[in-house]
Amino acid sequence: MTRYTLESTMTFNPGIDNKPETLLKAESDNNSATHSEANTSSQLLTVKDHKRSITIALIVGSLLAAINYGDKIIGNTMVNTDWIKLGMTYVVPYCVSIYSVWSAKKKH
């Protein structure tokens, strides 16, 4: 990344309107690769990506919850550990989905 700094110089020429001139001086930024990598990695996942992953987690998690805990939910026999496992049934598909998006975007 190239940074520009403003330098003001005064030139005095007889018979010409004497105004300060502003020059842009280019300075090389040695850390430009680091800055650009940091910017792209922090903006790698968007709100749209998170929304899509949440939608996938709700669909897949609900299917898995119905398969694994449907009889316990209907029979009202869920215990505390079952509720924790049921919550993880939604968290795991979200993590898989968001990781897939992240790794695909990271390669490009």
Side-chain angles (χ1 to χ4, degrees):
M1 172 182 259
T2 303
R3 292 186 184 187
Y4 294 93
T5 57
L6 292 175
E7 288 186 1
S8 182
T9 60
M10 294 290 290
T11 55
F12 294 100
N13 295 323
I16 299 176
D17 189 19
N18 293 318
K19 295 182 181 176
E21 297 174 359
T22 304
L23 303 174
L24 285 177
K25 180 180 177 187
E27 294 179 359
S28 176
D29 186 4
N30 294 333
N31 298 325
S32 62
T34 307
H35 291 301
S36 63
E37 288 173 10
N39 288 341
T40 55
S41 65
S42 67
Q43 298 172 356
L44 199 57
L45 295 174
T46 63
V47 173
K48 185 178 178 181
D49 296 330
H50 287 286
K51 286 182 180 180
R52 185 179 305 121
S53 295
I54 289 169
T55 302
I56 290 169
L58 289 174
I59 293 168
V60 173
S62 296
L63 289 172
L64 291 174
I67 292 167
N68 295 325
Y69 299 102
D71 57 337
K72 288 186 175 187
I73 293 171
I74 292 172
N76 201 18
T77 59
M78 295 281 283
V79 293
N80 287 340
T81 54
D82 290 334
W83 288 109
I84 293 169
K85 291 177 185 178
L86 182 68
M88 292 303 293
T89 303
Y90 289 93
V91 171
V92 170
Y94 172 79
C95 291
V96 170
S97 178
I98 204 70
Y99 176 76
S100 298
V101 172
W102 177 77
S103 65
K105 284 187 174 186
K106 185 179 173 188
K107 287 182 181 178
H108 294 288

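Here, residue 1 is the first one in the sequence, and each next residue gets the next number.
Using a 4.5 Å cut-off between side-chain heavy atoms of Ile, Leu, Val, Met, Phe, Trp and Tyr, with links allowed through other members, V91 and V101 fall into different hydrophobic clusters. Residues I54 and L45 share a hydrophobic cluster, clusters being chains of Ile/Leu/Val/Met/Phe/Trp/Tyr side chains in contact below 4.5 Å.
Screening residues 53-99 for ring-ring contact (aromatic ring centres under 6.0 Å, His included) gives Y99-W102 as the qualifying pairs, with residues at least two apart or on separate chains. For residues 92-101, no residue pair satisfies the salt bridge (Lys or Arg N to Asp or Glu O under 4.0 Å) rule, not counting sequence neighbours.
Judged by distance alone, the side chain of S62 and the main-chain N or O of I59 form no donor-acceptor pair under 3.5 Å.
Considering all non-hydrogen atoms of both residues, S97 and S53 come closest at OG-OG, 3.0 Å.
The hydrophobic cluster containing I56, built from Ile/Leu/Val/Met/Phe/Trp/Tyr side-chain heavy atoms closer than 4.5 Å, also comprises V60, L64.
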* Asked: Run the side-chain contact (heavy atoms from CB on, under 4.5 Å) check on L86 and K72 step by step: do they pass?
  -> CA-CA 11 Å; L86 182 68; K72 288 186 175 187; over 6 Å; no
* **Verdict with supporting geometry, D49 and K105, side-chain contact (heavy atoms from CB on, under 4.5 Å)** => CA-CA 11 Å; D49 296 330; K105 284 187 174 186; 2.5 Å; yes
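Rounded to the nearest 0.5 angstrom, T77 OG1 and D71 CG are separated by 6.5 Å.
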